[in-house]
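In what follows, a single structure is set out as structure tokens and then discussed.
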Amino acid sequence: MQMCPVLACLALGLAVLSAEGSASHLHQSQVAELAADFGVKVFRQVAQATEDRNVVFSPYGVASVLAMLQLTTAGETQQQLQEAMGFKVDEQSTAPALRRLHQALMGPWNKDEVSTTDAIFVQRDLKLVPGFMPHFFRLFRTTVKQVDFSEVSRARFIINDWVKRHTKGMISDLLGEGAVDQLTRLVLVNALYFNGQWKTPFPKAGTHRRLFHKSDGSTVSVPMMAQTNKFNYTEFLTPDGHYYDILELPYHGDTLSMLIAAPYQKEVPLSAITNILTAQLISQWKGNMTRVPRLLVLPKFSLESEVDLRGALQNLGMTDMFRLGQADFTRLSNQEPLHVSQALQKVKIEVNESGTVASSSTAIFVTARMAPEEIIMDRPFLFVVRHNPTGTILFLGQVMEL
């Protein structure tokens, strides 16, 4: 199936620094909720900027990377990050809660495979604030690698190879030509990989070509999977009075599932849902479901894309970190002025009869400088891959065209 223009955000968080609210005693569940809420806010900004295009995004990936970035900032730059994210990274509560969340996502009780890991790549001769690196490692247990960004090609290879290994080959070229240069000082990276098998797979014999209704009114014939089963289902009403369906597809470990949401009427745009989307609303969907028999028809889909996160983060109030002369990274280094030069995320996801394989990578570069009997997703729809015990949202996206 050939995909039309796709926008994707990968859960590999990468921050490059360029030269030139306290939340005490937070528990794991509170940090998970705040991180999910922040990640969904970033997704809304991205989706609104690309209303008629496919988007796949990792809320967890962007929250993970910016939590690490927060520890390198000071002054107004740090305050903007804390206000936008809704929590302060500290040694007493937030960092331990983040580590426990990390462990909960990767626990063997999930059965489905989830792996997430962080790394920082720091310029070899950058003079760090005394005690910064031990403090950083104590909080995040993060792999620290020294690289020489003056050797641009080798630095790119080292980071891309790390990403490729930790996303099982799904993302092999996070850093393209020119992504890093001799002014790069620090790269923060989170890599996320997910492989989940449906609790009840779709029979391959039930996959047939059907018409998918695109947002512009046109149609395209695509392979659609089908199964009749008992599903967790609910319907909600938007503030504008539009009904929409939400259905849950569990993965075989029962701790992870995909939630799928779409307006009941084809003429209602998907933005009616995405514009009001919050982590709390997704939790309400999950909490109001009942088990009912349904015939589900869902397209097989594969998305791969990349997005520049700079605009989305600035719209949420994180502006100073991008401004040379205003960015404050003095908790990291006083050697030279630093600022964020890029923020990007890449994501790949494949959904078929067996289940879902997805990977993401988020990068921030700081450099010197009424219930229907049938639910047929033959129109734009929203999907959420959620770790239900913690409420962590691993992947979130919209399918607008196939």
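For this chain, numbers begin at 1 and follow the sequence in order.
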Just checking, is any N or O donor in the side chain of [X] or [Y] under 3.5 Å from an acceptor N or O on the other one?
{"X": "Asp118", "Y": "Ser64", "answer": "yes"}
{"X": "Asp240", "Y": "Thr238", "answer": "no"}
{"X": "Thr255", "Y": "Asp112", "answer": "no"}
{"X": "Thr184", "Y": "Gln123", "answer": "no"}
{"X": "Arg331", "Y": "Thr72", "answer": "no"}
{"X": "His387", "Y": "Asn110", "answer": "yes"}
{"X": "Glu83", "Y": "Gln79", "answer": "yes"}

Judged by atom type as modelled, is there a donor-acceptor pair below 3.5 Å linking the side chain of [X] to the main-chain atoms of [Y]?
{"X": "Asn54", "Y": "Val399", "value": "no"}
{"X": "Ser333", "Y": "Phe329", "value": "no"}
{"X": "His208", "Y": "Pro223", "value": "no"}
{"X": "Thr278", "Y": "Leu281", "value": "yes"}
{"X": "Arg44", "Y": "Asn275", "value": "yes"}
{"X": "Thr73", "Y": "Thr77", "value": "no"}
{"X": "Asn160", "Y": "Leu174", "value": "yes"}
{"X": "Gln45", "Y": "Gly311", "value": "no"}

Identify whether NZ of Lys or CZ of Arg in Arg294 sits under 6.0 Å from the centre of the six-membered ring of Tyr233 and within 45° of that ring's axis.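 Verdict for Tyr233: a cation-pi partner in Arg294.
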Are [X] and [Y] side-chain neighbours, meaning at least one heavy-atom pair lies under 4.5 Å?
{"X": "Arg386", "Y": "Leu394", "result": "no"}
{"X": "Leu382", "Y": "Leu396", "result": "yes"}
{"X": "Phe231", "Y": "Asn229", "result": "yes"}
{"X": "Leu192", "Y": "Val114", "result": "yes"}
{"X": "Val187", "Y": "Phe149", "result": "yes"}
{"X": "Ser215", "Y": "Pro380", "result": "yes"}
{"X": "Lys348", "Y": "Leu303", "result": "no"}
{"X": "Val62", "Y": "Leu309", "result": "yes"}

Give the minimum heavy-atom separation between [X] and [Y], together with the two atoms involved.
{"X": "Val122", "Y": "Leu126", "value": "CG2-CD2, 4.1 Å"}
{"X": "Met224", "Y": "Leu211", "value": "CE-O, 3.7 Å"}
{"X": "Leu270", "Y": "Gln398", "value": "CD2-CB, 3.5 Å"}
{"X": "Val385", "Y": "Met258", "value": "CG2-CE, 3.9 Å"}
{"X": "Gln103", "Y": "Trp109", "value": "O-CZ2, 3.9 Å"}
{"X": "Gly391", "Y": "Ala36", "value": "O-CB, 3.8 Å"}

Would Leu338 and Leu324 count as a side-chain contact (heavy atoms from CB on, under 4.5 Å) if you check the C-alpha gap in whole Å, the side-chain angles of each, and the deciding distance to 0.1 Å? CA-CA 7 Å; Leu338 302 174; Leu324 187 61; over 6 Å; no
Salt bridge (Lys or Arg N to Asp or Glu O under 4.0 Å) contacts in which one or both residues fall within residues 275-287, not counting sequence neighbours: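 The answer is Glu248-Lys286.
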Summary of salt bridge (Lys or Arg N to Asp or Glu O under 4.0 Å) pairs that have at least one residue in residues 123-152, sequence neighbours excluded: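 For residues 123-152: Glu91-Arg138.
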Between [atom1] on residue [X] and [atom2] on residue [Y], distance to nearest 0.5 Å:
{"X": "Phe43", "Y": "Ser58", "atom1": "CZ", "atom2": "OG", "result": "12.0 Å"}
{"X": "Arg310", "Y": "Asn315", "atom1": "CZ", "atom2": "CG", "result": "12.0 Å"}
{"X": "Ser283", "Y": "Ile393", "atom1": "OG", "atom2": "CD1", "result": "7.0 Å"}
{"X": "Arg323", "Y": "Thr319", "atom1": "CZ", "atom2": "OG1", "result": "4.0 Å"}
{"X": "Ser271", "Y": "Gln48", "atom1": "OG", "atom2": "CD", "result": "8.5 Å"}
{"X": "Leu128", "Y": "His135", "atom1": "CG", "atom2": "NE2", "result": "13.0 Å"}

Asp161 and Lys164 ion-paired at < 4.0 Å: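 No salt bridge links Asp161 with Lys164.
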Salt bridge check: are Lys168 and Glu113 linked by an N-O gap of less than 4.0 Å?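 A salt bridge is present here (some side-chain N lies under 4.0 Å from a carboxylate O).
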Should Phe236 and Ile273 be marked as a side-chain contact (heavy atoms from CB on, under 4.5 Å) after you check the CA-CA gap, both sets of side-chain angles, and the distance that decides it? CA-CA 10 Å; Phe236 271 60; Ile273 303 175; over 6 Å; no
Just do the side-chain contact (heavy atoms from CB on, under 4.5 Å) check on Trp162 and Thr117 with the steps written out, would you? CA-CA 10 Å; Trp162 186 92; Thr117 186; 3.6 Å; yes
Crowded around Glu177 CD? As in, over 12 foreign heavy atoms under 6.0 Å?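 Counting other residues, nucleotides and ligands, CD of Glu177 stays at 12 neighbours or fewer.
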Aromatic ring centroids of Tyr251 and Phe194 under 6.0 Å?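 Aromatic pair counts; centres sit under 6.0 Å.
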On the 0 to 90° scale, with breaks at 30° and 60°, tag the [X]-[Y] ring pair as parallel, tilted or perpendicular.
{"X": "Phe132", "Y": "Phe136", "value": "tilted"}
{"X": "Trp285", "Y": "Tyr244", "value": "perpendicular"}
{"X": "Phe301", "Y": "Phe381", "value": "perpendicular"}

Side chain to side chain donor-acceptor pair (under 3.5 Å) between Asp328 and Gln326, worked out: CA-CA 6 Å; Asp328 188 344; Gln326 288 184 265; over 6 Å; no
Under the criterion salt bridge (Lys or Arg N to Asp or Glu O under 4.0 Å), which of Lys266, Lys214, Arg210 is the partner of Asp378?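 Among Lys266, Lys214, Arg210, the one meeting salt bridge (Lys or Arg N to Asp or Glu O under 4.0 Å) with Asp378 is Lys266.
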Intermediate values then yes/no, salt bridge (charged side-chain N to carboxylate O under 4.0 Å, His left out), Glu336 and Arg185: CA-CA 10 Å; Glu336 55 190 343; Arg185 297 295 179 263; 2.3 Å; yes
Can you name the residues that form a side chain to side chain donor-acceptor pair (under 3.5 Å) with Thr274, not counting sequence neighbours?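 Not a single residue meets the side chain to side chain donor-acceptor pair (under 3.5 Å) criterion with Thr274.
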Would you check, one step at a time, whether the test side-chain contact (heavy atoms from CB on, under 4.5 Å) holds for Gln265 with Val268? CA-CA 6 Å; Gln265 296 176 308; Val268 176; 3.9 Å; yes
